[in-house]
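Note: hydrogens, waters and symmetry copies are ignored here, and every other heavy atom, side chains too, is used.
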Amino acid sequence: MGSEGPAAVTIHVTGFKKFHGVSENPTETIVSNLKEYTEKKGLPEGLTLGSCSILETAGQGALTQLYQTLRSALPGKDSESSCSGRIIWLHFGVNSGACRFAIERQAANEATFRCPDEMGWKPQKVSIIPADGGISRVRETSLPVEEITKALTKKGFEVMTSDDAGRFVCNYVYYHSLRFAEQSGVKSLFVHVPLFLTIDEETQMKFAASLLEVLASLCP
């Protein structure tokens, strides 16, 4: 097999199960159906949709699952066929009060849960990674958030850039993922979506597929 042509991009995706106040999480539906949806629609040459995983809506209790999921995408030590720099982790979470999509620029090293997670944990002003320092520490994605937002807006979606992923499980997972991405030489992005009552399922599936294409085109 030849290796000529554009470098391949593989995007791995996660969503969440239900949690307090959200009995049906749209991200579980989006991520569960994304493979079939993109197979019908087709993806641009060089773009591969990797694993599609559903995480427990929990912080510490879901860490083992999260890191197993993150590590599973890394190429083997002897692999030359996949450059880890062309791997993107895309995480979807729901913001039940939102009326548009939000591309999250950063995550804070703070866990302050407004309600217990699905495993009963309710931290308050706790550092997610104590070794990183206090709760004021933030980590930013290395992906071009503004360009991603503009590209999706041009495609007709209601999208905004956000600097606040909250302090609940979404932010918790994103912080761990950004730290892992930096250490592993891959990229990570978190996107908040509204409920299906606000933006219907078909539109959200189109958005997710369009986001994959935009990420692949902008990944350096």
Evaluation steps, side-chain contact (heavy atoms from CB on, under 4.5 Å), between Glu24 and Phe196
CA-CA 9 Å; Glu24 290 186 47; Phe196 285 151; over 6 Å; no
Would Val193 and Phe92 count as a side-chain contact (heavy atoms from CB on, under 4.5 Å) here? Give the steps.
CA-CA 7 Å; Val193 306; Phe92 284 106; 3.8 Å; yes
Is there a chain of hydrophobic side chains (I, L, V, M, F, W, Y, each step under 4.5 Å between heavy atoms) that links [X] to [Y]?
X      : Y      : value
Leu63  : Val126 : no
Ile129 : Val186 : yes
Val13  : Ile54  : yes
Met160 : Val214 : no
Val138 : Val173 : no

Is there a donor in the side chain of Ser162 and an acceptor in the side chain of Asp164, or the other way round, less than 3.5 Å apart?
no
Could you tell me whether the side chains of Thr161 and Thr149 share a donor-acceptor contact shorter than 3.5 Å?
yes
Side chain to side chain donor-acceptor pair (under 3.5 Å) with [X]: which residues, sequence neighbours excluded?
X     : value
Ser53 : none
Lys41 : Glu213
Thr48 : none
Lys17 : Glu56

Salt bridge (charged side-chain N to carboxylate O under 4.0 Å, His left out) partners of [X], counting only residues at least two apart:
X      : value
Arg139 : Asp132, Glu182
Glu147 : none
Glu146 : Arg105
Lys18  : Glu118

Got a salt bridge between Glu39 and Lys35, using NZ or NE/NH1/NH2 to carboxylate O under 4.0 Å?
no
Think Arg167 forms a cation-pi with Phe113, using NZ or CZ under 6.0 Å from the six-ring centre and within 45 degrees of its axis?
no
Given His12 and Ile88, is the side-chain contact (heavy atoms from CB on, under 4.5 Å) satisfied, shown in steps?
CA-CA 6 Å; His12 300 273; Ile88 301 173; over 6 Å; no
Nearest non-hydrogen partners of [X] and [Y], listed with the distance:
X      : Y      : answer
Asp117 : Gly59  : OD2-N, 2.9 Å
Leu178 : Thr141 : CD2-CA, 3.6 Å
Ile11  : Leu49  : O-CD1, 3.5 Å

Show the numbers, then the answer: is there a side-chain contact (heavy atoms from CB on, under 4.5 Å) between Leu218 and Leu143?
CA-CA 8 Å; Leu218 293 176; Leu143 287 163; over 6 Å; no
With rounding to the nearest 0.5 Å, note down the distance linking OG1 in Thr27 to CD in Gln204.
9.5 Å
Look at atom CD of Glu140 and say whether more than 12 heavy atoms of other residues, nucleotides or ligands are closer to it than 6.0 Å.
yes
Do other residues, nucleotides or ligands put more than 12 heavy atoms under 6.0 Å from Glu158 CD?
no
Are the aromatic ring centres of His176 and Tyr174 under 6.0 angstrom apart?
no
[X]: ring-ring contact (aromatic ring centres under 6.0 Å, His included) partners, not counting sequence neighbours:
X      : answer
Phe180 : none
Phe207 : Phe101, Phe157
Phe16  : none

In short, side-chain hydrogen bond (donor to acceptor under 3.5 Å, both in side chains) pairs touching residues 87-102 with sequence neighbours left out are Thr14-His91, His91-Ser177
